[in-house]
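Because only heavy atoms are used, hydrogens play no part in the values below, and waters and symmetry mates are left out as well, while side chains stay in.
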Amino acid sequence: MKQGRSRLSLLTEEEKQKGIGAIISFFESERNEKIGIIAAGEILELLEDTVGLHIYNKGIEDARSVLKQQLEESDYRLVELKRD
């Protein structure tokens, strides 16, 4: 992380460590290259900074869509229960 730059992390420390491990494993198995923990951490931060919020917001929109559909179905069921 660049000095003086504050950032909001979307990942827990455990998730970061798993991500760093996955990046290191990817470079070793897929590219036959060795990278260190610091480089892998910087790659993870770059991904988190550039696409993390987009992925998070997509999840929020997907959840809103599901909830909206469920609310509409519930409303329909309630209308069916209405008696004259």
- Query: Quick check: are there more than 12 heavy atoms from other residues, nucleotides or ligands sitting under 6.0 Å from CG of Asn32?
  - Reply: no
- Message: Applying side chain to side chain contact (heavy atoms under 4.5 Å, CB included), can you list everything that pairs with Gln69, at least two apart in sequence or on another chain?
- Response: Glu73
- Please step through side chain to side chain contact (heavy atoms under 4.5 Å, CB included) for the pair Ile55 and Leu10, ending with a clear verdict. CA-CA 10 Å; Ile55 293 169; Leu10 300 172; over 6 Å; no
- Task: Salt-bridge test for Arg64 and Glu61: reply yes if a basic N is under 4.0 Å from a carboxylate O, no otherwise.
- Result: yes
- Query: For Thr50, which residues count as a side chain to side chain contact (heavy atoms under 4.5 Å, CB included) partner, sequence neighbours excluded?
  - Reply: Leu46
- Task: For atom CG of Leu67, decide whether the heavy atoms of other residues, nucleotides or ligands shown that lie under 6.0 angstrom number more than 12.
- Result: yes
- Item | Min side-chain heavy-atom separation Ile24-Ile20 under 4.5 Å | yes
- Could you state whether Ile37 and Leu47 fall into the same hydrophobic cluster, counting links through intermediate Ile, Leu, Val, Met, Phe, Trp or Tyr residues with side-chain heavy atoms under 4.5 angstrom apart? yes
- Query: Do you reckon Val51 sits in the same ILVMFWY cluster as Tyr56, going by side-chain contacts under 4.5 Å, direct or chained?
  - Reply: no
- Nearest heavy-atom neighbours spanning Leu11 and Lys16: O-CE, 3.6 Å
- Message: Does either side chain, that of Tyr76 or that of Glu72, offer a donor lying less than 3.5 Å from an acceptor on the other one?
- Response: no
- Message: How close do Asp62 and Lys58 get, counting heavy atoms only, and between which atoms?
- Response: OD1-NZ, 2.7 Å
- Hey, mind stepping through Lys34 and Phe27 against side chain to side chain contact (heavy atoms under 4.5 Å, CB included) and telling me if it holds? CA-CA 6 Å; Lys34 290 199 179 278; Phe27 271 83; over 6 Å; no
- Is the side chain of Asp75 donor-acceptor paired with the backbone N or O of Leu71 at a distance under 3.5 Å, no angle test? no
- Query: Is the number of heavy atoms from other residues, nucleotides or ligands under 6.0 Å of Glu14 CD greater than 12?
  - Reply: no
